[in-house]
Visitor: 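Quick one: structure below, then a few questions.
Below, chain A is the first sequence line, B the second, and so on; all start at residue 1.
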Protein chains: 2
Amino acid sequence: MDLNERKLKVLQAIISDFVATAEPVGSRTLTRKYDLGFSPATIRNEMADLEEMGYLTHPHTSAGRIPSEKAYRLYVNELMKKQELTKAEKNAISSQLMANFDELDKTIEHAAHILSEITQLTAFAMTPRKEQDIIKYIRLLPVDEHTVVLMIVSESGKISNQSLRIAQGYQEETLDMLSKSFTYSYKGKTLNEAIKMNIIRDFESDIEMMRLVQDNVMPHLMRTFEDMLNINLYLDGYSNIFDLPEYSDISRARMFLNMLNQKDVMTDELIRRGEGLKITIGDENDSADMKDCSLITATYHIDGKLVGKIGVIGPTRMKYSKITSVIEYLTDNLNNAFTLPGGQNDKEKER
Amino acid sequence: MDLNERKLKVLQAIISDFVATAEPVGSRTLTRKYDLGFSPATIRNEMADLEEMGYLTHPHTSAGRIPSEKAYRLYVNELMKKQELTKAEKNAISSQLMANFDELDKTIEHAAHILSEITQLTAFAMTPRKEQDIIKYIRLLPVDEHTVVLMIVSESGKISNQSLRIAQGYQEETLDMLSKSFTYSYKGKTLNEAIKMNIIRDFESDIEMMRLVQDNVMPHLMRTFEDMLNINLYLDGYSNIFDLPEYSDISRARMFLNMLNQKDVMTDELIRRGEGLKITIGDENDSADMKDCSLITATYHIDGKLVGKIGVIGPTRMKYSKITSVIEYLTDNLNNAFTLPGGQNDKEKER
DNA sequence: GTTAGCACTCACAAGTGCTGAGTGCTAATA
DNA sequence: TATTAGCACTCAGCACTTGTGAGTGCTAAC
């Protein structure tokens with residue numbers, strides 16, 4: 001028994017209908033709604049075959065058919081046609097994204113917001129892994145007698161600062177010297193390399209300075225390097241799930257929301273996924289909590305190097321085609337924005 | 001008919017029981033659980049009186065009694081006794097708070113987390129309104145040929161930075177000059193004042209410089225001032241509501257979550273509330289969405305000046321006494337931390 | 001090979017009856 | 001006179017029943 005033309009046609013119709021309505025699809029409904037050209041009885045036969053082949057399931061004897069995960073996989077791989085976005089949709093995405101183009105992290109967060117608005121699902125966006133981010137310079141700046149700001153600028157445009165307290169006070173010249181010394185040591189190093197370096201001995205010649213560095217500055221410097229490595233995960237539109245019949249059961253809604261709350265689980269799952277557009281359906285997901293969800297994710301790049309991820313999560317019944325298009329368009333926009341010379345401040349140019 | 005001793009005793013028992021169980025309280029249950037010293041029939045009579053006086057309601061004829069909002073108000077004003085936290089609880093709060101004492105905003109966010117963990121409700125924390133925050137200095141720092149970091153440090157310890165692009169390039173000396181000039185002009189001014197100032201004419205003598213400032217720097221400077229004024233609202237523990245029978249109905253849970261999602265509504269509501277500890281019960285809340293919730297909020301201060309808010313939101317049935325104590329202790333901690341010399345970096349001292 | 005017809009299935013909604021926790025009222029009691 | 005025991009009554013919640021409609025699989029006719 002093979003998947004002939006007609007079977008595919010029936011399967012496609014069932015998937016369309018079920019994605020739209022979330023109700024099991026019966027043979028009669030199918031003939032009424034779609035002009036397939038054969039009777040309910042024929043469709044019933046085809047349905048029985050499709051079920052045997054594993055593409056459909058049956059919640060109970062007298063209910064209609066539901067596409068299985070295998071059916072969605074087939075649909076995504078073969079049946080799904082690319083759904084071009086309308087000009088209006090594209091404009092909406094681009095303009096909204098550009099209207100909020102400040103800091104790297106804010107932009108990513110905003111992209112997740114746009115995505116959830118358009119797809120009406122829960123969207124997430126992960127900032128890049130910054131292992132490869134290269135330190136540009138480090139500076140210590142005076143604030144008051146006991147407070148100093150530590151500022152680290154990296155190539156990705158990520159700027160980090162932290163104020164730190166120096167109980168015994170300090171000289172401004174010392175700060176300048178330290179700034180130069182740190183920049184000299186760390187410039188051109190990746191964050192990962194920086195964390196592993198030990199530069200304390202550079203200050204051995206001056207015991208007082210060494211103590212200052214060791215006790216006051218170094219711990220903060222290391223912590224800030226680590227902070228910069230951190231991956232941030234932004235979620236948006238979690239309450240959209242209440243519009244989906246899949247989550248009309250409170251315990252399922254709750255489980256879903258709890259899953260989202262475990263940011264580390266989510267982050268791990270996302271990190272594991274490869275580059276480019278990835279669609280995982282139900283059981284294909286590694287994490288047990290996601291076994292009845294589908295994820296569509298894509299990667300965006302900053303200067304072609306650092307890689308972040310963005311995507312949506314929802315029930316396996318989702319508009320794979322439309323969502324895929326939206327995500328692709330969104331990541332294209334992000335890539336462009338983050339890659340043009342001048343990076344994140346490119347908005348200036350357009351003025 | 002007045003609220004004699006016995007009526008208060010009965011009311012108190014009903015409130016305790018209902019807060020604990022969320023079930024309407026019957027006269028027999030009451031005698032069984034609490035050793036009140038009179039029979040169910042007597043209690044029934046008292047209950048009928050209390051109901052007539054507006055302190056109790058009746059979901060239906062054959063159900064037990066439920067405290068009205070008026071009853072909670074009476075309880076909060078008169079009956080509630082201060083519930084001291086145990087040493088262990090206090091330690092838990094202090095140590096958790098101190099363990100995460102980096103940047104101002106992060107600390108506030110973390111405080112909300114702690115609060116939601118302890119109360120098992122949804123907690124929120126609002127960063128201070130920074131109208132009164134005073135600018136300490138402004139600096140422009142070179143990143144690469146076309147990129148400059150603009151850094152503003154304020155007295156509250158809030159540091160803001162933004163990278164900006166200067167298409168035509170720049171000289172390092174220019175940046176130094178501008179840093180000095182900006183600091184000279186803005187130092188000691190509040191953010192509000194700074195936004196209203198116009199310092200462009202200070203550069204009139206040098207047309208090229210003036211253009212640079214006007215076109216490239218000023219817009220960012222103003223935007224950053226405005227960003228610094230922004231109030232951030234952090235929410236934590238929204239999914240705790242799923243443990244409350246009040247929200248076992250999905251549509252109520254949804255409404256609650258939607259309300260939380262409207263950050264501007266929440267922020268407005270919080271801003272309107274006065275200083276110190278405030279408890280609003282049900283209908284006392286201004287916002288329509290909160291008419292069946294209670295809010296307990298308190299204010300914390302930074303250097304005795306800037307005022308932020310922290311609190312919890314939940315059903316009117318909540319442990320007013322316990323929660324009040326927790327919030328008071330938490331704000332005390334925040335106040336201390338933010339007021340000691342050296343402010344947010346005080347952790348250093350303890351090492 | 002396709003389709004009409006038919007018996008069968010089952011979730012769901014509406015209706016029924018029972019139970020238990022509650023009430024209000026009245027009469028007896030301390 | 002205030003309190004309490006007793007009793008009839010109420011009603012949500014649960015279990016159970018029944019009817020309906022949308023679905024199925026199978027068989028026989030086209």
Visitor: Can you run down the salt bridge (Lys or Arg N to Asp or Glu O under 4.0 Å) pairs that involve residues 56-71 of chain A, sequence neighbours left out, and say none if there aren't any?
Guide: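 Counting only pairs at least two positions apart or across chains, the salt bridge (Lys or Arg N to Asp or Glu O under 4.0 Å) contacts touching residues 56-71 of chain A are A:Glu51-A:Arg65.
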
Visitor: Ignoring backbone atoms, test whether A:Thr61 places a side-chain nitrogen or oxygen under 4.0 Å from the OP1 or OP2 oxygen of D:dT24.
Guide: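 No, A:Thr61 has no side-chain N/O under 4.0 Å of OP1/OP2 on D:dT24.
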
Visitor: Angle between the end axes of the helix from C:dG1-D:dC30 to C:dA30-D:dT1, five pairs per end, to the nearest 10 degrees?
Guide: 20°

Visitor: For A:His60 and D:dA22, what is the distance between atoms NE2 and P respectively, to the nearest whole Å?
Guide: 13 Å

Visitor: Please give, in whole Å, the distance from C:dT23 P to B:Ile66 CD1?
Guide: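 Taking atom P of C:dT23 as the reference, CD1 of B:Ile66 is at 12 Å.
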
Visitor: Applying salt bridge (Lys or Arg N to Asp or Glu O under 4.0 Å), which residue pairs with at least one partner in residues 247-256 of chain A are found, sequence neighbours left out?
Guide: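 Output for this query lists A:Arg252-A:Asp292, A:Arg254-B:Asp243.
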
Visitor: Might you work through the salt bridge (Lys or Arg N to Asp or Glu O under 4.0 Å) test for B:Glu46 and B:Lys9, ending with a clear yes or no?
Guide: CA-CA 10 Å; B:Glu46 296 292 22; B:Lys9 214 165 152 189; over 6 Å; no

Visitor: Could you tell me the separation between the NZ atom of B:Lys9 and the P atom of D:dT3, rounded to a whole number of Å?
Guide: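 That distance rounds to 12 Å.
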
Visitor: Could you go step by step and tell me if B:Leu115 and B:Leu330 meet the side-chain contact (heavy atoms from CB on, under 4.5 Å) rule?
Guide: CA-CA 8 Å; B:Leu115 187 54; B:Leu330 196 55; 3.9 Å; yes

Visitor: Just how far, in rounded Å, is C1' of D:dA5 from CD1 of B:Ile43?
Guide: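 Those two atoms, CD1 and C1', are 14 Å apart.
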
Visitor: Applying side-chain contact (heavy atoms from CB on, under 4.5 Å), run through B:Asp289 and B:Ser287 and close with a yes or a no.
Guide: CA-CA 5 Å; B:Asp289 295 331; B:Ser287 163; 3.9 Å; yes

Visitor: Rounded to the Å, how far apart are A:Arg65 CZ and D:dG23 C1'?
Guide: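 After rounding, the reported distance stands at 9 Å.
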
Visitor: Keeping the roles fixed (side chain from B:Arg28, backbone from B:Pro40), state whether a donor-acceptor pair exists under 3.5 Å.
Guide: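 Not confirmed, B:Arg28 side chain does not pair with B:Pro40 backbone.
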
Visitor: Between A:Val312 and A:Ile327, what is the shortest heavy-atom contact and its length?
Guide: N-CD1, 4.1 Å

Visitor: Which residue pairs satisfy the ring-ring contact (aromatic ring centres under 6.0 Å, His included) criterion with at least one member in residues 233-274 of chain B, sequence neighbours excluded?
Guide: A:Tyr238-B:Tyr238, B:Tyr247-B:Phe256

Visitor: Scan for ring-ring contact (aromatic ring centres under 6.0 Å, His included) pairs involving residues 45-89 of chain B, sequence neighbours excluded, and state none if there are none.
Guide: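 Residue pairs with at least one partner in residues 45-89 of chain B: B:Tyr72-B:Tyr320.
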
Visitor: What is the separation between atom CG on B:Leu36 and atom P on D:dT3, rounded to the nearest whole Å?
Guide: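 Result: 13 Å.
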
Visitor: What does the list of N/O pairs under 3.5 Å between the protein and nucleotides 16-21 of chain D look like, with a distance for each?
Guide:
none

Visitor: Grab the CD-C1' distance between A:Glu46 and C:dG1 for me, whole Å please.
Guide: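 About 11 Å, once rounded to whole Å.
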
Visitor: Under 4.5 Å between any side-chain heavy atoms of A:Asp236 and A:Ile114, yes or no?
Guide: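 No; the side chains remain at least 4.5 Å from each other.
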
Visitor: Scan residues 243-252 of chain A against DNA chain C and write down, sorted by residue number, each residue with any heavy atom closer than 4.0 Å; if none is found, say none.
Guide: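 Nothing qualifies; none.
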
Visitor: Keeping A:Ser325 on the side-chain end and A:Ser321 on the backbone end, is there a donor-acceptor pair under 3.5 Å?
Guide: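 Yes; judged by distance alone, with no hydrogens or angles, the pair exists.
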
Visitor: Please list all pairs passing the salt bridge (Lys or Arg N to Asp or Glu O under 4.0 Å) test where one or both residues lie in residues 320-329 of chain A, with sequence neighbours left out.
Guide: A:Lys82-A:Glu328, A:Glu89-A:Lys322

Visitor: Under 3.5 Å between N/O atoms: give me all the protein pairs with nucleotides 3-7 of chain C, atom names plus distance.
Guide:
from  : atom 1 : to      : atom 2 : distance (Å)
C:dT3 : OP2    : A:Ser39 : N      : 3.1
C:dT3 : OP2    : A:Thr42 : OG1    : 2.5
C:dG5 : O6     : A:Arg44 : NH2    : 3.3

Visitor: Would you call A:Ile66 and A:Thr57 a side-chain contact if the rule is heavy atoms closer than 4.5 Å?
Guide: yes

Visitor: Restricting to salt bridge (Lys or Arg N to Asp or Glu O under 4.0 Å), what partner residues turn up for B:Lys33, sequence neighbours left out?
Guide: B:Asp17

Visitor: Let's see if you get this right: which residues in residues 13-29 of chain B place a heavy atom under 4.0 Å from DNA chain D?
Guide: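 The answer is none.
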
Visitor: Provide the full list of salt bridge (Lys or Arg N to Asp or Glu O under 4.0 Å) pairs with a residue in residues 264-274 of chain A, sequence neighbours left out, each pair given once.
Guide: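 Only A:Glu269-A:Arg272, A:Arg272-A:Asp286 qualify under salt bridge (Lys or Arg N to Asp or Glu O under 4.0 Å).
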
Visitor: For the pair made of CG in A:Asn4 and P in C:dG1, what is the distance, rounded to whole Å?
Guide: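 One finds 12 Å between P of C:dG1 and CG of A:Asn4, rounded.
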
